[in-house]
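The next block holds one structure in the form of structure tokens; read it before the comments.
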There are 2 protein chains.
Amino acid sequence: MKILAEQKISEDSQADLARFAKALSHPTRLEILRLLSTQSCCFTGDLVEILPIAQSTVSQHLKELKIAGLIQGEIDPPKTKYCINQQNWQKAKLLFASFFE
Amino acid sequence: MKILAEQKISEDSQADLARFAKALSHPTRLEILRLLSTQSCCFTGDLVEILPIAQSTVSQHLKELKIAGLIQGEIDPPKTKYCINQQNWQKAKLLFASFFE
DNA sequence: AAAACAAATCGTACATTGGCGATGAACGAT
DNA sequence: ATCGTTCATCGCCAATGTACGATTTGTTTT
């Protein structure tokens with residue numbers, strides 16, 4: 001029972017790790033995360049200015065990062081402010097670290 | 001000059017990180033890497049037996065992992081033996097660790 | 001109510017991925 | 001030389017990802 005439960009957890013962790021890795025697998029998303037983790041937060045508009053891609057594309061990458069759980073956005077009308085989701089950021093950090101031993 | 005060089009290195013590292021993350025973004029590839037890192041090596045056939053997917057698909061994932069530099073294969077006719085590429089494995093480990101601070 | 005702004009979403013185009021079966025290539029054994 | 005084994009590659013397809021411009025949504029200001 002215990003062993004089965006642990007296997008289940010391990011499988012889930014592997015799926016989680018795959019999802020996090022997928023979120024990190026695009027240079028633009030890495031750049032967004034790097035910007036958000038150095039500055040504590042960013043408005044979408046700031047990112048659009050910095051990144052050499054269209055506003056709609058930035059918005060889409062932000063959406064993916066949000067779905068992956070790595071960032072969170074709060075509306076501060078008329079702007080939206082994004083920051084790292086610290087809880088999942090730590091979780092991802094741990095998952096990667098333990099994957100590499 | 002030094003600063004520019006460091007920025008270049010940093011950009012390259014980000015691209016490297018994205019490529020590593022992409023290689024890790026599929027559960028099957030994570031499983032392959034996990035198997036290879038616990039046992040020191042594996043024949044393709046062993047992986048095909050363990051994994052619930054077709055031989056050709058396993059072979060394709062192995063190819064991707066090889067291109068990403070995370071594994072290396074040596075032919076031991078008629079079999080092929082795969083193992084972790086330790087150098088790039090360490091590189092990936094460091095890149096992920098420093099990305100998460 | 002209208003205009004202005006920020007950001008999300010929609011619709012479209014194209015490239016890439018992930019899966020499979022079938023075929024090909026390399027090699028050892030018969 | 002043929003056969004069997006092992007693995008890589010090919011061709012195909014559906015599904016997903018990436019990018020864009022255009023439009024919509026939501027809010028503030030005029």
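We name chains A, B, ... by the order of the sequence lines, and we start the count at 1 in each one.
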Residue whose closest nucleotide on DNA chain D lies nearer the 5' end, Lys79(B) versus Pro52(A):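 The residue whose closest nucleotide sits nearer the 5' end is Lys79(B).
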
Quick one: label Ser56(B) by what it contacts on the DNA or RNA (base, sugar-phosphate, nothing), any heavy atom closer than 4.0 Å.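 Base, at least one base heavy atom under 4.0 Å.
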
Quickly work out the [X] [atom1] to [N] [atom2] distance and round it to whole Å.
X	N	atom1	atom2	result
Leu65(A)	dA7(C)	CG	P	16 Å
Leu24(A)	dG17(D)	CG	C1'	16 Å
Asp76(A)	dC5(C)	CG	P	18 Å
Gln60(A)	dT24(D)	CD	C1'	16 Å
Lys63(B)	dG18(C)	NZ	P	13 Å
Ile71(B)	dC7(D)	CD1	P	13 Å
Ile53(A)	dT18(D)	CD1	C1'	9 Å
Leu51(A)	dA19(D)	CG	P	11 Å

Considering just the side-chain nitrogens and oxygens of [X], establish if one lies under 4.0 Å of OP1 or OP2 belonging to [N].
X	N	result
Thr57(A)	dC20(D)	yes
Tyr82(B)	dT6(D)	no
His61(A)	dA19(D)	yes

With the side chain of Pro78(B) defined as its heavy atoms from C-beta on, choose the nearest nucleotide among dT6(D), dG21(C), dC20(D).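 Nearest nucleotide to the side chain: dT6(D).
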
Taking the side chain of Ser59(A) as its heavy atoms from C-beta onward, which of dT5(D), dA8(C), dA8(D) lies nearest to it? dA8(C)

Do any N or O atoms from the side chain of Ser25(A) and from the backbone of Lys22(A) form a donor-acceptor pair under 3.5 angstrom? yes

Any side-chain to backbone donor/acceptor pair from Ser37(B) onto Leu33(B)? Under 3.5 Å, distance only. yes

Does the ring center of Phe20(B) lie less than 6.0 Å from the ring center of Trp89(B)? no

Is there any protein nitrogen or oxygen under 3.5 Å from a nitrogen or oxygen in nucleotides 14-17 of chain C, and what are the pairs?
{"residue": "dT17(C)", "atom": "OP1", "partner": "Lys22(B)", "partner atom": "NZ", "Å": "2.9"}

Look at the side chain of Gln55(A) and the base of dA6(C), then say whether one donor and one acceptor between them are separated by less than 3.5 Å. no

Quick one: sort the Phe96(A) and Phe96(B) rings into parallel, tilted or perpendicular, breaks at 30° and 60°. parallel

Going by salt bridge (charged side-chain N to carboxylate O under 4.0 Å, His left out), name the residues that satisfy it together with Lys91(B), two or more places apart in sequence or in a different chain. Asp16(B)

Return the minimal non-hydrogen interatomic distance between Gln14(B) and Leu30(A), and the atom names on each side. O-CD1, 3.2 Å

Heavy-atom nearest pair, Gly69(A) first then Asn85(A), reads O-CB, 3.2 Å

